Amino acid sequence: MSRPLLETVDLKTHYGGTRSLLSKPKPLVRAVDGVSLKIQPGEVLGLVGESGCGKSTIAKTLLGLERETEGAILLDGFDVGGRDPAEARKVRSDIQYVHQDPGAALDPWWRVGDTLHETLKIHGVSDRAERQARILEMLNAVGLNEGFLRRYPHELSGGQQRRIGLARTLSLRPRMVILDEPTSGLDLSVQATVLKLMLDLRATYDLTYLFISHDLSVVERLCDRVAIMYLGRIVEIGSADQVFSAPAHPYTRALLESAPTLTRQDSGQVIQGDPPSPTRRPEGCAFHPRCPMAQADCRQSVPQLAEVSDSQSVACPYAMPGQVRPAEAFAS
Amino acid sequence: MSDDILSVRDLKLSVKGDAGLAQILDHVDFAVKPGEVMGLVGESGCGKSTLIRTILGLPPKGARIDSGTVAFRGRNLLDPKEAQQIRGREIGFIPQDPFQAFNPVFTVGAQILEILRWSGLPDDPKGARYDKSLRARHKARLIEVLRAVQIPDPEEALDRYPHQFSGGQRQRILIAGALATRPSLILADEPTTALDVTTQMQILRLLRELAADYNVAMLFVTHDFGVVAQICDRVSVMYAGQTVETGTTPQIIDGPRHPYTGMLMACHPERSTEITGIPGQVSSPLTPPPGCRFAPRCPRATEACTSARPGLLNSRDGRQLACVHEEEFA
Ligand SMILES: Nc1ncnc2c1ncn2[C@@H]1O[C@H](COP(=O)(O)OP(=O)(O)OP(=O)(O)O)[C@@H](O)[C@H]1O
Ligand SMILES: Nc1ncnc2c1ncn2[C@@H]1O[C@H](COP(=O)(O)OP(=O)(O)OP(=O)(O)O)[C@@H](O)[C@H]1O
Ligand SMILES: [Mg+2]
Ligand SMILES: [Mg+2]
């Protein structure tokens, strides 16, 4: 295998937990708690997990917007970790981010066009005509037209703001893009346009994506590999084909069973309970309080990722790799 | 007299902005019956949030109603005074984002009680001052609905801060807040998009049970036909501010008749293995095309489509449909 573009080794990012004289003590949040990932150049890695499990925190840590508590980050094999935010952003400028909150990238007092020009200016594109050309290319690619450049953010719908954010990031032509829920809030048709665009751009500009999403059907169609996260840790990772056709971790299976289909799923177990808070991480396997297969030892020791096939690793000693999803078994 | 709980008739709304006059809603038309869960589906930017705000009596700044009516049990929601009476009492609202809906510095109990203080509960004694005993009654009601949405230890939960709950729990608390005043209609703007699918399925089943148990009608905005299939009795489809088709969930999902609905359904991952979209772009409300707004992207479009906006007609199978090519089969 070639050298990964980006690699993390036992990455941890914790929030709070410090006491100071001036403020109330904040509880320790183990938002990311030991994540090791390798992202190969040109691949699309999906990152899936419930809300609050630490997906955006991983993204912010990789970008350098949050400083890691422990662990290493390697870009092209070089250690780029352990730096202050300003410095970290500089060495990691090859990595760009499409924010989860579509309004976040836009200044409410600026017209969209001004924001887009300013972004490129900051990144050293001084020629106005070139900026305009790049902006129009990307706007068109995300399904919007020149008229949007004159609008203010509040004159856009949620989905339109999201598309502008996407155009803005892509106009910077980064090597790697972290997309945080880029299709949530988009209808199927626009979703398809955006997904196709991302695949085209990957081919044109040799991009690598870390794709964060709740939407399993999108991940299944777009990603080469997928990592399933639960409460700050990766519980399963493997090729998208393998993970979707033969999910091994009980949480992955619960996710796939709960994805809504075009017929009403009245029967079928829905996994009970809520994900616990990262301030009160259960002992042992964090999933055990909700797990239908939990055994006594799941309450005591934290299971580590282990290979169950050559393209799939799972952090569960009771995982059943190779078990076929019922729907798949009957399909053609 | 109709027995509709909510009726939106021929609603036309435009907003004067910096870039010109945006004709955002163009003859939106549908009705919701008591206890019914109605889905509202449409391309992003087609005007769903604008419509929800208008029904709540809070249309966007600079909005002008050009024509049409919006009525709750026959009462005019376009009249700000009337709307204020109804909003938050008889009509509940569940916002899209459980993360931004709360203020982080107050407990969730304090925040919802403050809302109930202003809306009041239907069984509050007439003209009562807001005092300890009234607050205690509100609190009791809140605990009751928190239990109904399956929040463990509701008494203790009231004293916790928003960040101490997961996204799914916060969404349950918001649902409880919307239910507290015993509304007969709840508007929900994509209430599950921020949640993972395991939590989403729990919340959808919960909403479905609550709708049945409390006989609450719902207008449920979503992009996801999978979600529609789980919870909606009927669906109304919008394109670029126009209502194009309204029917039962099976009618829309399994037998769409408006070309837009059909093409949208064909994009669904269960219906196509490739990533497909509808060619072309949605038109801007600043420069809407004449007639049917879908015509520029419609493979069946003819001159008739652009010469006049097709009226919404009642089809024999019970659905409403706005397409000249379907009129003869109506
Ligand atoms: N600045 C912060 N201070 C304290 N806790 C934080 C901070 N930012 C995030 N958290 C907490 O860290 C955990 C992980 O948050 P994160 O935003 O990474 O989740 P996520 O997986 O992106 O969720 P979502 O799908 O809802 O976007 C959550 O419990 C969150 O409340
Ligand atoms: N002041 C304005 N000037 C011009 N256009 C506006 C203005 N305000 C809103 N719009 C447009 O009105 C349309 C409707 O917006 P709305 O937020 O209701 O859409 P939506 O259906 O909720 O979309 P989404 O699914 O993306 O949330 C959008 O095309 C938006 O760009
Ligand atoms: Mg996030
Ligand atoms: Mg909206």
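To find a chain, count down the sequence lines: A is the first, B the second, and so on, and within it residues start at 1. What you are looking at is a predicted structure, and each value in this text was computed from that prediction instead of being measured. Values below: every heavy atom of this structure, side chains too, minus hydrogens, waters and symmetry copies.
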| said: Checking the side chain of A:Gln191 only, and the main-chain atoms of B:Ile275 only, is there a donor and an acceptor separated by less than 3.5 Å? | reply: no
| query | Out of curiosity, A:Leu262 CG to B:Ile253 CD1, how far, rounded to the nearest 0.5 Å? | reply | 5.5 Å
| query | Does any heavy atom of chain A fall under 4.5 Å from the side chain of B:Arg297, the backbone, both, or neither of them? | reply | side chain
| field | Engaged part of B:Thr198 at the chain A interface, taking heavy atoms whose separation is under 4.5 Å | value | both
| field | Part of A:Arg111 within contact of chain B (heavy atom distance under 4.5 Å) | value | side chain
| task | Looking only at non-hydrogen atoms, find the nearest pair between A:Thr263 and B:Gln230 and report the distance. | result | O-NE2, 3.2 Å
| message | What verdict does the side chain to side chain contact (heavy atoms under 4.5 Å, CB included) test give for A:Thr261 and B:Glu270, after you've listed the backbone C-alpha separation in whole Å, the side-chain angles of each residue and the deciding distance to 0.1 Å? | response | CA-CA 8 Å; A:Thr261 61; B:Glu270 274 181 47; 3.1 Å; yes
| said: Tell me every residue that passes salt bridge (charged side-chain N to carboxylate O under 4.0 Å, His left out) with A:Asp200, counting only those two or more places apart in sequence or in another chain. | reply: none
| task | Take B:Val197 and A:Glu50 through the test side chain to side chain contact (heavy atoms under 4.5 Å, CB included) and record every step on the way to the result. | result | CA-CA 8 Å; B:Val197 289; A:Glu50 91 283 356; over 6 Å; no
| note | In this structure, CD1 of B:Ile278 is separated from CG of A:Leu188 (nearest 0.5 Å) by 9.0 Å
| query | Which value, rounded to the nearest 0.5 Å, describes the distance between B:Met201 atom CE and A:Gln265 atom CD? | reply | 3.5 Å
| field | Which of B:His163, B:His268, B:Arg172 touches chain A most, by non-hydrogen pairs under 4.5 Å | value | B:His268
| Heavy-atom distance under 4.5 Å to chain A: side chain of B:Thr273, backbone, both or neither? | backbone
| request: Specify which of B:Glu274, B:Lys48, B:Arg208 makes the most heavy-atom pairs with chain A at under 4.5 Å. | output: B:Arg208
| remark: dist A:Ser258:OG -> B:Gln200:CD (nearest 0.5 Å) comes out at 9.0 Å
| message | Let's test your reading of the structure: which of B:Gly17, B:Gly45, B:Pro269 forms the most heavy-atom pairs below 4.5 Å with chain A? | response | B:Pro269
Check residues 138-153 of chain A and write down every donor-acceptor pair under 3.5 Å in which the side-chain atom is one partner and the other belongs to a residue at least two apart or another chain.
from: A:Asn145; atom 1: OD1; to: A:Gly147; atom 2: N; distance (Å): 3.1
from: A:Arg151; atom 1: NH1; to: A:Glu155; atom 2: O; distance (Å): 3.0
from: A:Arg151; atom 1: NH2; to: B:Ser284; atom 2: OG; distance (Å): 3.2

| said: Under a 4.5 Å cutoff for heavy-atom pairs, which residue among B:Val15, B:Asp254, B:Ile231 has the most contacts with chain A? | reply: B:Ile231
| message | Could you measure the distance from the CG atom of B:Asp224 to the OG atom of A:Ser217? Nearest 0.5 Å is fine. | response | 7.5 Å
| request: With a 4.5 angstrom heavy-atom cut-off, could you sort out which part of B:Met263 is near chain A: side chain, backbone, both or neither? | output: neither
| Highest number of heavy-atom pairs under 4.5 Å with chain B: which of A:Pro260, A:Ala192, A:Ala259? | A:Pro260
| task | State the OH-CG distance between B:Tyr239 and A:Asp187, to the nearest 0.5 angstrom. | result | 9.5 Å
